[in-house]
Amino acid sequence: MKTLKALFLGELADMYDAERRIVKALPKMAAAATCDKLKKAILAHLKETEGHVRKLEQVFQSFDEKAKGKTCEATVGLLKEGDEIAADFKGSPAINAALISAAQKVEHYEMASYGCLHEWAGLLGNKEAAALLQEILEQEKAANETLTELARSSSNDEALGESVDTGSEEASEHTGGDLPRGSRPVKSNHDRAEAISR
Ligand SMILES: [Fe+2]
Ligand SMILES: [Fe+2]
């Protein structure tokens, strides 16, 4: 019968493959970004992602296992979509919003995966692995929040092709595609986009 440990090691191999693919993809995303702050944020997360590969190797080691990857089809698909959207929106004012949305999809996948891995490492009684996975999870969450801030502070408005008074908005974990909510006395971004496209 397959055990929780087998499930854990299988998912660990999945993320080991995912992180190595992300290390290769992030420099391309940074090069495609036209917003300096976004470029910097992507390159900073590249450094962290290289660290994730090393931390995962330590997690394997803590289980006396050799690090090995198993093709992560989800990441292959997410990165392929990222490539496609970056190519589609090259030269458009929406390029940075497009890149942020692609990057946030990857971050959310990572957050879901590391949330599970961290819990499972705890259940398996491996404190060292649980601590390493928690560190990675926190960095993924922070990267996602940085992307949310960049989307809200500039990239979404830039994509709209005009400057919008953003007012005060509640924070949420992802905004690449979020529209402003609440009681803003201005038209929604959707209305504005429609007006612009007419
Ligand atoms: Fe990562
Ligand atoms: Fe990440």
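Atoms within each ligand, like the ligands themselves, are counted from 1 in listed order.
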Open item on the list: What I want to check is whether the side chains of Thr75 and Glu19 have a donor and an acceptor closer together than 3.5 Å.
Closed with: no
- [ ] Over all heavy atoms of both residues, which pair between Ala130 and Gly122 is shortest? Give the atoms and the distance, please.
- [x] CB-N, 4.1 Å
TODO: Look at the side chain of Lys70 and the backbone N and O of Gly10, then say whether any donor-acceptor pair between them is shorter than 3.5 Å.
DONE: yes
TODO: Could you name each residue pair satisfying ring pair (Phe, Tyr, Trp, His ring centres under 6.0 Å) that touches residues 66-94, not counting sequence neighbours?
DONE: none
Open item on the list: Please check this pair: side chain of Asn144 against backbone of Glu107, looking for a donor-acceptor N/O pair closer than 3.5 Å.
Closed with: no
Open item on the list: Closer than 2.8 Å to the Fe ion (ligand 2), what protein N/O/S atoms do you find?
Closed with: His45 NE2, Glu107 OE1, Glu107 OE2, Glu110 OE1, Glu140 OE1
Task: Basic-acidic side-chain contact under 4.0 Å: Arg21, Asp17 - done: yes
